[in-house]
Amino acid sequence: MPQTLLALLDERLRSATQLAFGADVELPAPLVLPTRDPKHGDYSCAAALSLAKALKQPPMAIAERLAAMAGLEDLCEPPVVTPPGFVNFRLRREWLAVRVAEGDLVAAPTPTPEIAVVDYSSPNLAKEMHVGHLRSTIIGDSLANVLAALGHQVHRVNHVGDWGAQFGMLLAHLEEIRSGENLGIRDVEAFYREANERDKSDEAFHELARRRVVELQAGDVAARAAWAELVDLTKRSNQVVYDALGVGGLEDVGESFYQPMLDEVVADLEHQGLCVEDQGAKVAFVDGFTNRDGDPLPLIIQNRHGGYGYAVTDLAALRYRAVELGAKQVLYVVDAGQSQHLQMVFSVARKAGWIAPGVTVRHVAFGLVLGEDGKRLRTRSGDNVKLAELLGEAVDRARQFVVNRAEERSEAPPDDLDEVARVIGVGAVKYADLSQNRQSNYVFSFDRMLSLKGNTAPYLQYAYARIRSILREAAKGQPPVDLAVALDDDAELALAKTLVATADAVARVFDEDEPNHLCAHLYEVAQVFSRFYEACPVLRSDEPTRSSRLALCDATAGVLRDGLALLGIDVLERL
RNA sequence: GCCCUCGUAGCUCAGCGGAUAGAGCACCGCCCUCCGGAGGCGGUGGCGCAGGUUCGAGUCCUGCCGAGGGCGCCA
């Protein structure tokens, strides 16, 4: 698909408008939008209303002129002008039929592929991944999928927390228990806690930890080797979670990677006068940020002990991405609590000239995961919920769901029950997150996300499986007589219109960094299909209707499968 | 105290400055005994409050109220 439908309509109408009213008229963007009420057609243009003042003409006259010049005869029925100045378009059945038969409905490649960095997931090493990493990982993965599908070159960067003062105590602790037994993956969390407690209570230990940090930063071979061991250990622990999630393709480029660049980054800032001495520390002041006393709030570049904080690492990372990787888009899929910090980092990087004017750097912020009590999701003891456990419960519940369902239908559960349970359970978790507005907090509920009713992953997965079942059944009988699609019934027409709008939903995910628009669209696809299925017999109908309807089923299945894939959700041939 | 985000139906949420604000769950009615019942059709019910901008505001701006988060040397 060379272009989304909206882009095509917009482009045609834009040039028509400029032909009619001159190239210098200011046109609203977008020029065309889907209508909310089908009685107004499929798409409409309200430009006449906003042009009325500038052109000093009545909106209806402008609308008439626009309708006459639209130049959309191949796509649409003759446009209809309605008061106070809308131009309404209805897609032609013939065009829709051809378009659906062509396939390739999910993504329209961008004419200008760019290098993009999506920074997401970002676990802290020496700790197990917990629910705080869930949204970043899921949303980041989906946005990266969408960017890639549009033809951009995507770096999926895992900015792992693998550096910092805490590694001193971890190394010291590692030495002490080295004599004991080797570390198991499950011990990572306990290991961190133990080290932390000793660091607080034991002065000699604390001193040792401090020495180890210095050695590590100086590149001491032994310290470095022990550090690498810890890094490797926790990466293996995290890999279990990524495998369960079905999230791959991440490049680990952690904080340690940028350490060799920090001196240069700070020197550059100082050279440009962006960094000043304040209360013994080196800081960068950023316009518009104040602390609780109303004084200017600095970004701490170097603390009073001469150490670099994470702000410098973030600056170095951004500089590296924009300057070395040549990224034209840098997305930070990071919780909303980091908003102020990131805005400050972006601002300093811009001032330093590391971000060229055409480069966009965006904080894709998201809210908290809440329990059903409306409070931050935590275990009873107040700890963060481990991701491995959360996913485990989702899969267990999904398995139970599948088993129960098979029982109700007096069938044997599927042979690949574990895989089915994983696909459903993990899909439910992902979809529940992605289908909501990422800015707000969201309430985590296994019962809701695993329901077969409503806007859930299992609903969509079931819709897919059922369509595949029809197609399998069809394959046993007569081969299709004709690959053409006919859209005689209103339900067929409605389905075709929805399918053809898919690439626009995906485009919108890209434009706004909001996967929920694709979720809403896929749900609509499933609903419209349901109406079609109710109204239009497929296998029982006569040729050539049967073949045409099978083609619609096939196109719908393809849209569901590929759309869910962009969300990082798998489908199953059978549930 | 300042900054950010959010506030839409009983509940969970959509809603790209455009026409009569939409789904799902729950509740009420009707229809379908189907190609795998995710049923289909209809009904009840809502934009926190007050101003402003605009031909047009749930959407933009200001103030207030409420919830959450953040606010100098941890990351």
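We name chains A, B, ... by the order of the sequence lines, and we start the count at 1 in each one. The figures that follow rest on heavy atoms only: side chains count, while hydrogens, waters and symmetry mates do not.
The six-membered or imidazole ring of A:H173 lies near that of A:F191, with a centre-to-centre distance under 6.0 Å.
Each of A:L567, A:L434, A:L564 was compared with A:L518 under the side-chain contact (heavy atoms from CB on, under 4.5 Å) criterion, and only A:L567 meets it.
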Completion exercise
B/S/- along nucleotides 70-75 of chain B (protein heavy atoms under 4.0 Å) is SBBB-B
Exercise for the section: Scan nucleotides 9-15 of chain B nucleotide by nucleotide, 5' to 3', and note B when protein non-hydrogen atoms come under 4.0 Å of the base, S if they reach only the sugar-phosphate, - if neither. Expected result: ---SSSS
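At a threshold of 4.0 angstrom between heavy atoms, the contacts of A:N88 include nucleobase atoms, whether or not backbone atoms are also involved. Within 4.0 Å of A:S451, counting heavy atoms only, lies no atom of the nucleic acid at all. The residue A:T313 sits apart from the nucleic acid: no heavy atom pair falls under 4.0 Å. Residue-level contact check: A:A465 touches the bases, meaning some heavy atom is under 4.0 Å from a base atom. Among the protein residues, A:C536 comes within range of the nucleic acid bases, having at least one heavy atom under 4.0 Å from a base atom. Counting any heavy atom pair closer than 4.0 Å across all strands shown, A:L49 reaches a base atom. Within the 4.0 angstrom heavy-atom criterion, base atoms lie near A:T82. If you check every strand for non-hydrogen atoms under 4.0 Å, A:E573 touches a base. A:R405 comes within 4.0 angstrom of a base, heavy atoms only. As judged by a 4.0 angstrom heavy-atom cut-off over every strand, A:I301 is placed among residues making no nucleic acid contact. Heavy atoms of A:R472 sit under 4.0 angstrom from at least one base atom. Residue-level contact check: A:P537 touches the bases, meaning some heavy atom is under 4.0 Å from a base atom.
Stem analysis of RNA chain B (at least three stacked-register Watson-Crick or G-U pairs, each with both distances under 3.5 Å) gives B:1-7 with B:65-71, B:10-13 with B:22-25, B:27-31 with B:39-43, B:48-52 with B:60-64.
In this pair, A:F446 and A:F444 present their aromatic rings perpendicular. The plane angle is above 60°, beyond the 30 to 60° band. Ring geometry for A:W227 versus A:F167: interplanar angle over 60°, hence perpendicular rather than tilted (30 to 60°).
Two residues are said to be in side-chain contact when any heavy atoms from C-beta on lie closer than 4.5 Å; A:V333 and A:H363 fail this criterion. A 4.5 Å side-chain heavy-atom check between A:Y332 and A:Q338 finds every atom pair outside the cut-off. Between A:V160 and A:V253, the closest side-chain pair of non-hydrogen atoms is not below 4.5 Å.
Between the NZ atom of A:K375 and the P atom of B:G69 there is a distance of 11 Å, rounded to whole Å.
Residues A:E11 and A:Q3 have side chains that bring a donor and an acceptor to within less than 3.5 angstrom of each other.
Here A:Y523 does not count as stacked on B:A23, because the ring centres are not under 5.5 angstrom apart with planes under 30°.
Atom CZ of A:R405 sits in a crowded spot, with more than 12 heavy atoms from other residues, nucleotides or ligands closer than 6.0 Å. At most 12 non-hydrogen atoms from other residues, nucleotides or ligands lie less than 6.0 angstrom from CG of A:D415.
A salt bridge links A:D252 with A:K235; the closest basic N to acidic carboxylate O contact falls under 4.0 Å.
OP1 and OP2 of B:C35 both lie 4.0 Å or more from every side-chain N or O belonging to A:S469.
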